[in-house]
Amino acid sequence: MSEAAERGRKYDGSRMSRTPFQALVLAAGKGTRMRSGLPKVLHRLAGRPMLQHVLTAVERLLPLRTVLVAAPDNRLALAQTAPESTVVVQDPPLGTGHAVMCARPLLEHFQGDVLVLYGDTPLIRPETLNAMLARRREGDDPAVVVLGFRPADAAEYGRLLTDGAGMLERIVEFREAASSELAVGLCNSGVMAIDGAVLPALLDRLRNDNAKGEYYLTNIVAIARAIGRAAAVVEGEADEVLGVNSRSELAAAEAVIQQRLRRMHMDNGVTLIDPASTWFCADTRLAQDVVVGPSVVFGPGVEVGEGVEILPFSHLEGCRVAAGARIGPFARLRPGAQLGEGVHVGNFVELKNAKVENGAKINHLSYVGDARVGAKANVGAGTITCNYDGFGKAHTEIGAGAFIGSNTALVAPVKVGDGAIVGAGSVIAEDVPADALAMTRGPLTQKEGYAAEYRRRRSKSKVTAIKS
Ligand code: UD1
Ligand code: CA
């Protein structure tokens, strides 16, 4: 599905009757284990900052408002990435409960639900968030609905302690858990749907008398129970609540997201010959019957039309390819490459900011940048557009039906007219009129028998040369 269509098709759940909600995305943590100058939630997955994945999932459910809890030092970068969110600053970070307290002015007198998410849990799906909001509305009116999961290794996650009926009683943090509690396999993902009408009262009762001296948001569950409200668990897949704290976890999350994207494209009618070696960006758009060979990489901003064949080891980024084109193997399409219908771009061809019109062919070993190649033109092997003079860029124009001989240098700005022929090995630094022949070649010199005589002479002197 195209990205526009994906956006247009708001998640079906939004049509279900449910309480309006605000989303609160926590992202003020230090992220020290990433060992990075970049804020953790801005590290990319499938070419897009982690944070944007969370926002995209939540925005499919049409929140009244999305609030981002940032730290003083990542506030600006986060606001830039999420221009539609309201940013509040938490300073200093005193825990997940404290992070929610920082957004309190925006939550006061709010009767809807509050959905709390983590900026470092980017794989969450809208379907799951919707299930949580739906659970919030059920007859027992739970004040808090927590997204639980059962990881293979519960490690340092908080544990969800339930009663005999499966209702949530409290959450115990890893550091505070007794060994019997650590044996519980049901873990806290951190994602919660909370009744906004009681949230301020729950926050009022949070204390920081615990192992880390922090205000744990997780404690609102026990507090809700203490004031006579229910709390519930919705279980999700371990994959989708994977939290990213380190580069290894970032790679693990990337693997999950690539897996999802591969399946999505195949479901949409794209053939991936070797899915495991095909790398996508979240915004890659491929039409039906596109065939993608092994080890093809899609960078951001690629749109490919019907029936296009992309042969192995090609790299595409910021480009549009019309129906029926054939690309690669080993082709590189850089930003601004626009290929018309039926265009062929072959091995070791690099295109940048170049419009290649219908049926044109650039089949071998070329660089075409800042250029237009007219319909059905043929650009021979080793043709280079010399678009850069060390200071600025200039444009090359190749007319429709023109034929550029192999190993031609086109020194931009330059124009080759429609139907013109350029002889192989030329350096073209002046415009060529339509239908003309242009070539720049030194005269051919031939000396008959010279090569044989030369070999004879050299082979005699060889022994002496080495001895001396
Ligand atoms: C938290 C949960 C734990 C759960 C785990 C799931 C609490 C007390 N514990 O632990 O039960 O199993 O997540 O991954 O909630 N953040 C702030 N401000 C803060 C602290 C954190 O904005 O003062 C943000 C972080 O940026 C991050 C999220 O909250 O996005 C979680 O914080 P983190 O410190 O990673 O919590 P955990 O110790 O993993
Ligand atoms: Ca964490």
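We count ligands from 1, going down the list as the structure has it; atoms in each ligand are counted the same way. In this chain, numbering begins with 1 at the start of the sequence shown.
Salt bridge annotation for Arg104-Asp204: present, with a cationic side-chain nitrogen under 4.0 angstrom from a carboxylate oxygen. Lys40 and Glu249 are not joined by a salt bridge, as no carboxylate oxygen comes within less than 4.0 angstrom of a charged side-chain nitrogen. Taking 4.0 Å as the cut-off between side-chain N and carboxylate O, Asp140 and Arg135 count as a salt-bridged pair. Note on Arg125 versus Glu240: salt bridge recorded, some NZ/NE/NH1/NH2 to OD/OE distance being below 4.0 Å. A salt bridge is defined here as a Lys NZ or Arg NE, NH1 or NH2 lying under 4.0 Å from an Asp or Glu carboxylate O, and Asp239 with Arg260 fails to meet this definition.
No more than 12 heavy atoms of other residues, nucleotides or ligands lie within 6.0 Å of CZ in Arg263, so this atom counts as exposed by the packing criterion.
Atoms OH and CG, on Tyr216 and Asn188 in that order, are 12.0 Å from each other to the nearest 0.5 Å.
Below 4.0 Å from some heavy atom of Gly158 lie the following atoms of ligand 1, by number and element: 3 (C), 4 (C), 11 (O), 12 (O). The contact set between ligand 1 and Ala27, taken as ligand atoms under 4.0 Å from a residue heavy atom, comprises 22 (O), 26 (O). Interface atoms of ligand 1 facing Lys212, defined by a heavy-atom separation under 4.0 Å, are 38 (O). The atoms of ligand 1 that sit less than 4.0 Å from any heavy atom of Ala99 are 17 (C), 18 (N), 22 (O).
For atom 19 (C) of ligand 1, the nearest non-hydrogen atom from the set Gly190, Ala28, Gly95 belongs to Gly95. Nearest residue to atom 2 (C) of ligand 1 from Tyr118, Tyr215, Tyr216, Phe174 is Tyr118 (criterion: closest heavy atom).
By the 4.0 Å heavy-atom criterion, His98 is excluded from the residues contacting ligand 1.
Residue Thr218 places no N or O, backbone or side chain, under 3.5 Å from any N or O of ligand 1. Considering backbone and side-chain atoms together, Asn188 places an N or O closer than 3.5 Å to an N or O of ligand 1. At under 3.5 Å, not a single nitrogen or oxygen of Tyr157, backbone or side chain, sits near a nitrogen or oxygen of ligand 1. The shortest N or O to N or O distance between Gly29 and ligand 1 is under 3.5 Å.
For the salt bridge (Lys or Arg N to Asp or Glu O under 4.0 Å) test, no residue two or more places apart in sequence or in another chain qualifies with Asp267.
Contact annotation for Leu94 and ligand 1: only backbone heavy atoms (N, CA, C, O) come within less than 4.0 Å of the ligand. With a 4.0 Å cut-off on non-hydrogen atoms, Glu214 does not touch ligand 1 at all. When heavy-atom distances to ligand 1 are checked against a 4.0 Å cut-off, Glu156 has no atom that comes that close, whether in backbone or side chain. Contacts with ligand 1 closer than 4.0 Å are made by no heavy atom of Cys187, backbone or side chain. Here Arg159 has no heavy atoms under 4.0 Å from ligand 1, in either its backbone or its side chain. Under 4.0 angstrom from ligand 1, the non-hydrogen atoms of Pro93 come from both its backbone and its side chain.
Sorted by first and then second residue, the salt bridge (Lys or Arg N to Asp or Glu O under 4.0 Å) pairs with a member in residues 312-328 form an empty list; sequence neighbours excluded.
Between Phe298 and Phe280, the two ring planes are parallel [angle under 30°; tilted spans 30° to 60°].
Between the side chains of Asn387 and Tyr367, a donor-acceptor pair is found at a separation under 3.5 Å.
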